[in-house]
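A short worksheet on the structure shown next.
Only this structure's heavy atoms are used, side chains among them; waters, hydrogens and symmetry mates stay out. This structure is a prediction, so every number in the text was calculated from the model and none was measured. Just so we're on the same page: letters track the sequence lines, and every chain starts at 1.
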Protein chains: 2
Amino acid sequence: MKPLIPDDTTSQALTAQALGGGPDRAREDQSLHDETLTRLRDYIVEGSIAEGGRVPERQLCEMLKISRTPLREALKVLASEGLVELLPNRGARVRPLSEQDLGELFDVMGGLEGLAGRLACEHITDAEIAEIERLHYEMYGFYLHRDMHGYFHVNQLIHQKIVEASRNAALKSAYANFAGRIRRVRYSANFARKRERWGEAMREHETILDALRRRAGSELSDILFKHLRNKRTAAVEHLKTDGMAASEPA
Amino acid sequence: MKPLIPDDTTSQALTAQALGGGPDRAREDQSLHDETLTRLRDYIVEGSIAEGGRVPERQLCEMLKISRTPLREALKVLASEGLVELLPNRGARVRPLSEQDLGELFDVMGGLEGLAGRLACEHITDAEIAEIERLHYEMYGFYLHRDMHGYFHVNQLIHQKIVEASRNAALKSAYANFAGRIRRVRYSANFARKRERWGEAMREHETILDALRRRAGSELSDILFKHLRNKRTAAVEHLKTDGMAASEPA
DNA sequence: CCGATCAAAATTGTACACAATTTATCAGTT
DNA sequence: AACTGATAAATTGTGTACAATTTTGATCGG
């Protein structure tokens, strides 16, 4: 058989354990439950299970080489995180994200990023700003070379840095949670083809950096929300067109 | 890469399930797990267990008249919500909230409320605004009569209405989660004695209502965050002084 | 008398068994 | 042949048993 789940799954941003405010537990003495939780979450976030697909417990148990008890515990947690849906006596399904759901999630992300920016202005060091500037120009390079992949990567890095600079663990956890939920659709749907929006996003990032330099919290908060709102529009638009094709076969 | 999952897309049943820890759900065919989850959460939020207090599973099982399995499932979920802490082989403890934790939570609440206000401006109806106005004046009445209890109650109602008007279920859930975490300390600590802050808060509420009437999203978002930031200062100050006395006997 | 070491009890982590509910299969009837 | 109903299989929900770890308690030595 196949491993089904790679061991060194790059769990980059999703370090924090849920909304808990992250006791950044070392990988050593993780209980079977925690291990299962992390692996299942990554598995789902990566989009390895079809939307709304039924997931028999037995099958997952075999896959993860554990018994049902820790698996079910993990499922309950994932349900509370919003990743799966638990239907009574009918098992767990990967929570389908409607157009509206995605819109809502993006708005919340916008609120959280706005908050992160505002708080970052209170705490960020010059060195951190310099680092973000560096990333910004790197991103600009990707933009010029039309390297979408590199662009997105650095883009996420910048937003992540801002969240870090907020010095707020609770915010960081919540952010990671919502990011994971969105990332699932982002995985199955490639965000390319938004060339016209690209330049606009790049300009928005200029203003973000500017506000950050001036430590203008309220202003930055506003800019970041609107930035995400624009992203939202593009994303929902994308899901609307691409989502159709995916669920078309009928 | 892995089929593994039959593509059975018959899921349309949108159970009002915990989206991020949302405490609103139908009381009908709750599984024992859900029932336990709700009851335990309420129990903890109400402050019935001392901070950091050990909570033997057996004891809780007797109290809730259930076996360990659903209880443990509930504990895992509460841990992911940040209410309790799970120490390996050492059981669950009510998560102690440091001064900093409380500050962080208040800031996140501020961000969420700001977001709620911004979104509310996009969706709120005149009737809803009228309702909030009514509550506002009711609250003002309590203020004039120096009725702290009534004031706080209506105050929470107003903030709740704004969240409702945002028309964002994900936000509502996250808000409920963080509100619960804060409420735990608010219960054990009576927020009285903040007379001087009271008038200021009342004035802030005037501006909130004003911005809401004008549907000035960005402005309202800013006001709401700053409003919560002021609350935060008062609350943290309170915990600093009162928290000492509370954790004395140990 | 106080502290350390080891055994006993209690508590937690996981697996498994059984009951309840849902889903699938298959007659029989129109 | 399609539909309805009953029955069988499978799956989920909950309780309990057992192993592993921690906490408690007692004995021994200083």
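- Contact annotation: A:Arg72 reaches the phosphate of D:dG13 (side-chain N/O to OP1 or OP2, under 4.0 Å).
- For the pair A:Leu86 CG and D:dG13 P, the interatomic distance rounds to 7 Å; values are reported in whole Å.
- Taking CG of A:Leu83 as the start and OH of A:Tyr43 as the end, the distance is 14.0 Å to the nearest 0.5 Å.
- Going from atom NE2 of A:His33 over to atom CD1 of A:Ile66 covers 10.0 Å, rounded to the nearest 0.5 Å.
- One atom, NE2 of B:His33, and another, P of D:dT14, lie 9 Å apart when rounded to the nearest Å.
- A straight line from CD1 of B:Ile66 to P of D:dT14 spans 9 Å, rounded to a whole angstrom.
- In this structure, CD of A:Glu62 is placed 10 Å from P of D:dT11, rounded to the nearest angstrom.
- Note: CG (B:Asp34) to P (D:dT14) measures 9 Å, nearest angstrom.
- Between the P atom of C:dA20 and the CG atom of A:Leu87 lies a distance of 22 Å, rounded to the nearest Å.
- Note on A:Arg68: every side-chain N or O is 4.0 Å or more away from OP1 and OP2 of C:dA15.
- The pair B:Arg167-B:Glu122 does not count as a salt bridge, with every side-chain nitrogen at least 4.0 angstrom from each carboxylate oxygen.
- Not one side-chain nitrogen or oxygen of A:Thr69 sits closer than 4.0 Å to the OP1 or OP2 atom of C:dT14.
- Going from atom CG of B:Leu105 over to atom CG of B:Leu97 covers 6.0 Å, rounded to the nearest 0.5 Å.
- Taking the side chain of B:Arg54 as heavy atoms from C-beta on, and the options C:dT21, C:dA15, C:dT11, the nearest nucleotide is C:dT11.
- What separates CD of B:Glu57 from C1' of D:dT21 is a distance of 13 Å, to the nearest Å.
- Within the structure, a side-chain polar atom (N or O) of A:Arg90 is placed less than 4.0 Å from OP1 or OP2 of C:dT23.
- Two residues are said to be in side-chain contact when any heavy atoms from C-beta on lie closer than 4.5 Å; B:His227 and B:His159 meet this criterion.
- The side chain of B:Ser67 approaches D:dT14 more closely than any other nucleotide in the set C:dA15, D:dT14, D:dT12.
- One interatomic measurement links the two molecules: NZ of B:Lys76 to C1' of C:dG13, which rounds to 8 Å at whole-angstrom precision.
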